[in-house]
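Residue numbering restarts at 1 for every chain, and letters A, B, ... go by the order of the sequence lines. Any value given below was found using the heavy atoms of this structure, including those in side chains, with hydrogens, waters and symmetry copies removed.
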Number of protein chains: 2
Amino acid sequence: MSLWRQIADEIEQSIARGTFQPGTRLPGEIEIAERFGVNRHTVRRAIAALAERGMVRAERGSGTFIEQRRIPYPIKQRTRFSEIIGGAGHAVGARLTASSVEAADATMAKRLKIKLGSKLLRLELLRHADRIPLCAATTWLDAHRFPNAAAFYAADRSITRTLARFGVRNYTRKSTHVTAETAEAGDAGLLRIAVGRPLLVVNSVDIDEADTPVLATQARFAADRLELVIDS
Amino acid sequence: MSLWRQIADEIEQSIARGTFQPGTRLPGEIEIAERFGVNRHTVRRAIAALAERGMVRAERGSGTFIEQRRIPYPIKQRTRFSEIIGGAGHAVGARLTASSVEAADATMAKRLKIKLGSKLLRLELLRHADRIPLCAATTWLDAHRFPNAAAFYAADRSITRTLARFGVRNYTRKSTHVTAETAEAGDAGLLRIAVGRPLLVVNSVDIDEADTPVLATQARFAADRLELVIDS
DNA sequence: TTTTATTTGTCCGTATGTATC
DNA sequence: GGATACATACGGACAAATAAA
């Protein structure tokens, strides 16, 4: 393995361990070079690799600073996980961890504007970026309007594509409510975080072009890895 | 700490932990009293306190039901705590818990578009609704542009009024980033929540009518008591 | 305000090992 | 084997931006 890669890994682990705190300055290139017994240019190559991945930010005349990089996740009218995360250059993935049919309780009936006790399809999704899980989400669909959607989703791996099969060409965000909780064992295991770590909980309803609710979602994001950005 | 307060806290945390789910019925007063080994009236005092804060709703002859209505907090171009919470019919309060002058680090300098090391006024605020703390906030102001703002704030008890003294007639939200953390001892004490409970962390920058940044704020909301509502 | 030191960015060149044609 | 291209590593010099005196 090349020298600069080893040095980049060393620095990355120092950041992960907290030896270098986010927002603080890295030692100068010359100092790092002396510490590792290499030339300054070798250190520069290592730092360039970290900067490319957004872990540090170099400022000429000032120093190189450690970024606390949570992936920005903009909330807009049109909010699609794969478009947002994929568009930011990450490899997007999604997995259907469970699905079931259940009766709509009062809250769900109101949110999706359907009758109380009406059949709902519940999909449990796990979405990740660069193989790292970001979000465990529960999505509810009207089982009458979207029969067999679970099977379609398993093939499509995309809510957008699955809904398109039922003629929903576009859907937009109607309401977004954000709060926070701490992770229980279930979500912690799925998201690969420790129990008790913070989750961003986003409850949302999406509507089709006829203003009819099509989707209710509760997305639980690993707050350590992501921040919501609200565009105004 | 009084018995009924301890019991109220226990019940509140059971709700927060999800042991008692929103919409379901609490155990009867007598049952709770036996569980804690206290008189029924002590439990009644605890439940009354929770009901006052809107966490539960007692129905004669039926039972006590968990509301857990988080106060909705809309995020808009114009976002003012007192207007939002006060407009929703709550009694708003704010307290300056600390203030200091510090040098701007790289992050702050960039956010407020001032020079690195420039003097910043830091205000620590505790905002509450109906005597319940909702939010611990840290606000940074350019100390050169707003000299003595801490003293003015102590009198005004409002950022909006304090800035108006310096000719800032209106300011609007430029950026809003939302993430979540768990409460440490400091914030937990101020917000009267247990250590480890979730916080909604909102980092924002406000600009004046000349598009110059005037305010950088990190607001830490008790996530158990509030939810952000994003208007699109 | 000016000067000086520090730090990153860019350019030059040299040498070595490795993979490919 | 030989020629070529490429990545890696080292050394030096200077420019540009910043911080501190």
- Task: May I ask you to say whether Asp208(B) pairs ionically with Arg145(B), meaning some side-chain N is under 4.0 Å from a carboxylate O?
- Result: yes
- Query: How close or far is atom P of dT8(C) from atom CD1 of Ile30(A), stated in whole angstroms?
  - Reply: 8 Å
- Message: Measure CZ/Arg60(A) against P/dT6(C) and give the value in whole Å, please.
- Response: 19 Å
- Considering only NZ, NE, NH1 and NH2 on the basic side and carboxylate oxygens on the acidic side, decide whether Lys174(A) and Asp211(A) come within less than 4.0 Å. no
- Item | Rounded distance in Å - CG (Asn39(A)) to P (dA15(C)) | 16 Å
- Task: Identify whether any heavy atom of Arg25(A) sits under 4.0 Å from a base atom; if not, whether one sits that close to sugar-phosphate; answer base, sugar-phosphate or nothing.
- Result: sugar-phosphate
- Item | Heavy-atom contact window of chain A on DNA chain D, given 5' to 3' at under 4.0 Å | dT8(D) to dT18(D)
- Task: Mark yes or no: Arg80(B) above the aromatic ring of Tyr171(B), with NZ or CZ under 6.0 Å from the six-membered ring centre and no more than 45 degrees from the axis.
- Result: yes
- Compare all side-chain heavy atoms of Pro198(B) with those of Glu181(B) and state whether any distance is below 4.5 angstrom. no
- Item | Ile47(A) CD1 to dT8(C) P, straight-line distance once rounded to whole Å | 7 Å
- Please confirm whether Phe152(B) and Phe166(B) have ring centers closer than 6.0 angstrom. yes
- Query: To the nearest angstrom, how far is Arg57(A) atom CZ from dT7(C) atom C1'?
  - Reply: 15 Å
- Query: Over how many whole Å does the gap from Arg45(A) atom CZ to dT10(C) atom C1' extend?
  - Reply: 16 Å
- Message: Judged by each residue's nearest nucleotide on DNA chain C, which is more toward the 5′ side, His41(A) or Glu59(A)?
- Response: Glu59(A)
- Task: Give a yes/no on whether any side-chain N or O of Ser62(A) is located under 4.0 angstrom from OP1 or OP2 of dT8(C).
- Result: no
- Within 6.0 Å of CD in Glu83(B), more than 12 heavy atoms from elsewhere: yes
